[in-house]
Amino acid sequence: MPLVLLVEDDPAIRRALAHALTEAGYAVCPVDSALAALREVTARPPAVVILDLGLPDMDGADALVMIRAVSDVPIIVATARRGENDVIRLLNAGADDYVTKPFSAAHVQARIAAVLRRGRSVPAGSQLPPPLEVGPLRLDPNTRTATLHGQPLPLARKEFDLLTYLGQRAGRVVPRDELFVNVWRQPFVGGDQTLDAHISLLRRKLGETAAQPRLLRTVRGVGIMLVGPS
């Protein structure tokens with residue numbers, strides 16, 4: 001039974017979500033502050049953290065950084081901040097996913113299931129694909145490391161998964177809905193900024209922009225393509 005650390009200061013939301021997650025088969029540890037969350041992460045490591053940003057003792061974004069400094073646990077941020085820059089900042093700080101308020105319990109459950117599927121270890125005896133090379137970019141699924149022009153490229157978990165999926169299909173435009181199904185393990189919902197935020201963040205790390213792309217190409221109305229520089 002996966003343990004969910006639920007960090008939410010609103011008692012009504014905390015009770016309702018904890019009840020829904022328990023009914024869905026999760027063990028739930030509800031806390032109402034960032035410091036309590038940090039204590040739980042170190043004392044009883046959860047399978048996933050649901051982190052509200054509006055906490056009474058510190059900003060949730062700061063709590064995110066502190067949790068990420070001591071644990072690699074998947075973190076889903078619950079936020080009312082919808083702007084792309086806000087989402088990018090949270091993902092860059094170490095969030096694995098996010099949900100925007102107001103949200104349903106079913107939506108949160110789907111996000112939890114998705115991050116837990118992505119975190120499953122590879123069965124013993126199975127073989128991971130060989131390293132991928134697309135122009136100056138090299139991705140090694142065995143070590144989950146990336147280099148650009150021979151230099152280490154720090155990538156968050158889903159940034160690596162997204163680039164790897166695109167790299168395995170280099171030169172082909174991958175539809176947005178296909179990326180959601182195979183990288184996020186959930187259907188694409190119109191208006192969801194998750195993919196756009198990750199692509200924007202990846203472009204910054206790859207040293208390119210949407211106006212002057214080198215490796216990541218967006219085909220409007222179709223999808224994303226990873227290509228070697230022409």
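The shown structure was predicted, so the numbers you read here are calculated from the model rather than taken from an experiment.
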Is the closest side-chain heavy-atom distance between [X] and [Y] below 4.5 Å?
| X | Y | value |
| --- | --- | --- |
| Leu155 | Leu139 | yes |
| Asp32 | Arg14 | yes |
| Arg111 | His107 | yes |
| Leu6 | Val31 | no |
| Leu55 | Leu51 | yes |
| Leu206 | Leu215 | yes |
| Leu17 | Phe103 | yes |
| Val77 | Asp97 | no |

Out of curiosity, [X] [atom1] to [Y] [atom2], how far, rounded to the nearest 0.5 Å?
| X | Y | atom1 | atom2 | answer |
| --- | --- | --- | --- | --- |
| Leu163 | Leu137 | CG | CG | 6.0 Å |
| Ile13 | Ile50 | CD1 | CD1 | 13.0 Å |
| Leu21 | Cys29 | CG | SG | 12.5 Å |

[X] and [Y]: which non-hydrogen atoms are nearest, and at how many Å?
| X | Y | result |
| --- | --- | --- |
| Leu202 | Glu159 | CD2-CB, 3.7 Å |
| Ala34 | Met58 | CB-CG, 3.4 Å |
| Leu5 | Glu40 | CD1-CB, 3.9 Å |
| Ile199 | Ile224 | CD1-CG2, 3.9 Å |
| Pro141 | Pro131 | CD-CA, 4.0 Å |
| Leu90 | Leu64 | O-CD2, 3.5 Å |

Does the pair Glu178/Arg172 count as a salt bridge with the N-to-O cut at 4.0 Å? yes

I'd like to know if Lys101 pairs up with Asp10 as an ion pair, taking the criterion as any Lys NZ or Arg NE/NH1/NH2 lying under 4.0 Å from an Asp or Glu carboxylate oxygen. no

Under 6.0 Å from the ring centre and within 45 degrees of the ring axis: does the NZ or CZ of Arg169 meet both conditions for the six-membered ring of Tyr165? yes

Cut-off 3.5 Å, side chains only: do Tyr26 and Gln109 have a donor facing an acceptor? no

Near Met66 CE, under 6.0 Å, is it more than 12 heavy atoms from other residues, nucleotides or ligands? no

Pairwise side-chain hydrogen bond (donor to acceptor under 3.5 Å, both in side chains) hits with a residue in residues 218-229, at least two apart: Arg203-Thr218

Under the criterion side chain to side chain contact (heavy atoms under 4.5 Å, CB included), I'd like the reasoning laid out for Leu35 against Asp57: C-alpha separation, chi angles, the key distance, then a yes or no. CA-CA 8 Å; Leu35 292 180; Asp57 52 346; 3.5 Å; yes

